[in-house]
Amino acid sequence: TMVANSSGLAEGESFEDNVWQKAYENILGIKIKYLWIVSGDQYPTKLSVTLASGEIPDLFDVGSQDLQMLIDNELLADLTDVYDKYASPLTKEIIMQDGGIALQTSTFGSRLMAVPETNSISDNIQMIWIRNDWLKNLELEVPRTMEDLLDVAEAFVKNDPDGNATNDTYGIAFAKDFVSQGVIGGSSSMGAFFYCYHAYPYGWIKDTSGSLVYAAIQDEMKAPLAKLQELYRNGIIDPEFAVKDGTKVGETIAAGKVGISFGQMWNSIWPLQLNKNVDPNADWISIDLVSVDDRKAMSLVSAPIGNWHVASKDAEHPEALVKMTNLWIEKCFGPNAEPSVYSNADGVEVFKFSKFRVWPATKNLDIYLSIKQATSSNDTSLLNPEAKGIYDQIVAYEAGDLSKWGMWAVFGPGSSQAICDAVNQGKSWVFNEFYGSPTATMTEKWATLLKLQDEAFLKIIMDKASIDEFDNYVEQWKKLGGDQITSEVNDWFEKKK
């Protein structure tokens, strides 16, 4: 198999010798041998090269496009019977928590061809992180509208919010990561800015007739694009955003040079904790998305699947995939879970070395609510092991351990999970209605259309073209395969009903 290297190892451990590898071997009798090891951002490219060479690993992870290609070429094992026989009741329960969407995306011709890595919808909503200490320094209120937010962003640039008598701060942090990837999320997401204008880059949404349309070619995109151009022109955002990935923007945040960042519930853990480490007075708070008008701003959310776990048709033991998934769920979320050993151990995210992960849809919300209850009743006896571990970190932060601030800001009072809870209760999100495998024309032309979109948006934002460029982009998008893809997407949508 193979691994995406995205975290540090504990002292004395290696990819071949760590707590998860020992559990697979000692509990299941499964010994893993890697074909190669790369960092997470290199994984898709390395996998594509490997598949093109004809070397198919026994067990591995894929994205939707590779999943479809492998199925079309009959290179994957049919997991239907393996899953039915070996998946534990808890595994089946957790994978079905989204109502069956995840299994639908993994089923082709009534046969289960992959185990989906399920995620949470509410955890993936976008929110705004803002430096409350800067607001107080400038005697500003927490923004409630888009107009408020933009006024604050300008003040963060022009009014010396950090009090160092130097013009060295930006209003809003944006990373280039929304560009050329066709995804929204992570930290410092420019895509979430569009949500405040009820515009949804990369989403397929229903029009007034109930058909699906690609949201990034709708007129709603023009207002946020024009505003971003204005912010860029006026120096409210970093003029070098288009060449800075999330890591580089994280360095800007750590250095205390920016006061607003769109992102997700976990951003306090990274990159905002980096800023807290340097400046204990940095007071980042999370707030719900603000709206440009009187309609609520809502995040676009997609089918909650990170990727798909698959087995080669030549794999001798495809059931090993399901058994390792069972073990992951048992050790992280089962009644006798040991998260301090298998999830986060002494500050090391050891969960990243497990191979086949599945996440309960409401795991973090449940933890937040149980901690809230335990705090109000002063009784921690009902907390599961993972929740108790997080509760202990919250207590440690409140006792002065600033290294635990990131976790406190996710699960503590007034935390980011409080926003997720409110959004989840109201189901106040916009669902990306297309969650099938790439259509025939998508497989051939989607990368070209994404590039077209990215180039047009960047031209406008970076003030190299007027907003009229948007209409030219839409016309080209339709001609270069967009209309055909829209037709195919709606064919899929009709069959799914």
Side-chain angles (χ1 to χ4, degrees), residues 1-5 15-16 20-21 23-25 27-38 40 43-96 100-119 303 305-332 351-359 436-438:
T1 186
M2 53 190 68
V3 67
N5 168 19
F15 285 101
E16 294 81 8
W20 277 104
Q21 271 52 48
Y24 293 143
E25 187 166 4
I27 299 172
L28 301 177
I30 296 171
K31 188 170 179 61
I32 289 176
K33 179 182 178 182
Y34 296 105
L35 289 182
W36 40 259
I37 296 169
V38 296
Y43 183 86
T45 301
K46 181 67 174 175
L47 176 62
S48 294
V49 171
T50 301
L51 297 178
S53 74
E55 186 177 23
I56 311 295
D58 286 340
L59 308 175
F60 56 109
D61 284 355
V62 293
S64 60
Q65 192 156 334
D66 283 331
L67 176 63
Q68 184 67 58
M69 179 274 292
L70 289 162
I71 289 169
D72 289 345
N73 288 281
E74 300 182 350
L75 295 172
L76 296 184
D78 181 340
L79 300 177
T80 310
D81 297 337
V82 167
Y83 183 81
D84 287 345
K85 180 176 180 179
Y86 291 100
S88 69
L90 184 57
T91 294
K92 291 179 179 179
E93 176 189 331
I94 285 176
I95 288 179
M96 283 298 293
I101 292 174
L103 280 184
Q104 279 182 258
T105 68
S106 312
T107 302
F108 298 78
S110 78
R111 308 304 292 174
L112 185 70
M113 302 303 295
V115 174
E117 181 173 343
T118 53
N119 283 304
I305 301 132
N307 52 41
W308 288 263
H309 309 314
V310 297
S312 163
K313 68 176 177 62
D314 296 324
E316 188 175 351
H317 295 288
E319 71 276 8
L321 186 159
V322 179
K323 289 181 177 181
M324 285 192 280
T325 302
N326 290 340
L327 189 65
W328 155 261
I329 289 173
E330 176 187 333
K331 293 299 184 184
C332 292
F351 70 84
K352 291 183 177 177
F353 305 108
S354 59
K355 296 300 158 293
F356 302 109
R357 306 191 290 259
V358 169
W359 300 91
S437 299

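Basis for what follows: all heavy atoms, side chains included, without hydrogens, waters or symmetry-related copies. Here the structure is a predicted model, which means the values were calculated and not measured.
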**Request:** Would you confirm whether T118, through its side chain, and I305, through its main-chain N or O, come within 3.5 Å as a donor-acceptor pair?
**Result:**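 It does not hold such a pair.
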
Do [X] and [Y] come within less than 4.5 Å of each other through their side chains, counting heavy atoms only?
X: I37; Y: E16; value: yes
X: S354; Y: Y24; value: yes
X: L67; Y: L76; value: yes
X: H309; Y: L59; value: no

Looking at [atom1] of [X] and [atom2] of [Y], how far apart are the two atoms once the value is rounded to the nearest 0.5 Å?
X: M69; Y: I71; atom1: CE; atom2: CD1; value: 10.5 Å
X: Y86; Y: L321; atom1: OH; atom2: CG; value: 13.0 Å
X: M113; Y: Y83; atom1: CE; atom2: OH; value: 15.5 Å
X: K355; Y: W328; atom1: NZ; atom2: CH2; value: 10.5 Å
X: T325; Y: E117; atom1: OG1; atom2: CD; value: 9.5 Å
X: K31; Y: Q21; atom1: NZ; atom2: CD; value: 9.0 Å

**Message:** The criterion is side-chain contact (heavy atoms from CB on, under 4.5 Å); which residues satisfy it with S106, sequence neighbours excluded?
**Reply:** L112, A114, P116, W308

**Request:** Scan for salt bridge (Lys or Arg N to Asp or Glu O under 4.0 Å) pairs involving residues 104-116, sequence neighbours excluded, and state none if there are none.
**Result:**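 Non-adjacent pairs meeting salt bridge (Lys or Arg N to Asp or Glu O under 4.0 Å): D78-R111, D81-R111.
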
For a quick test of reading the model, state the closest non-hydrogen atom pair linking [X] to [Y] and the distance between them.
X: A77; Y: S312; result: CB-O, 3.5 Å
X: T91; Y: A87; result: CG2-CB, 4.3 Å
X: P438; Y: S64; result: CD-O, 3.7 Å
X: W20; Y: F353; result: CB-O, 3.8 Å
X: L103; Y: M96; result: CD1-SD, 3.6 Å
X: A320; Y: I30; result: CB-CD1, 3.7 Å

**Message:** Working note: Y43 + N307, criterion side chain to side chain contact (heavy atoms under 4.5 Å, CB included); need CA distance, chi angles, decisive distance, verdict.
**Reply:** CA-CA 12 Å; Y43 183 86; N307 52 41; over 6 Å; no

**Request:** Go through L51 and I56 one step at a time and tell me if the side chain to side chain contact (heavy atoms under 4.5 Å, CB included) criterion holds.
**Result:** CA-CA 6 Å; L51 297 178; I56 311 295; 3.6 Å; yes

**Request:** Please check if any side-chain donor atom of D72 sits under 3.5 Å from a side-chain acceptor atom of Q68, or the reverse.
**Result:** yes

**Asked** Between I329, I32, V115, I27, which is the residue that forms a side-chain contact (heavy atoms from CB on, under 4.5 Å) with M324?
**Response**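 Going through I329, I32, V115, I27 one by one, the side-chain contact (heavy atoms from CB on, under 4.5 Å) with M324 is satisfied by I32 alone.
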
**Item:** CA sep, side-chain torsions, deciding dist, call: D61, F356, side chain to side chain contact (heavy atoms under 4.5 Å, CB included)
**Value:** CA-CA 8 Å; D61 284 355; F356 302 109; 3.7 Å; yes

**Request:** Dump the intermediate steps for side chain to side chain contact (heavy atoms under 4.5 Å, CB included) on V322 and L79, then the final yes or no.
**Result:** CA-CA 9 Å; V322 179; L79 300 177; 5.6 Å; no

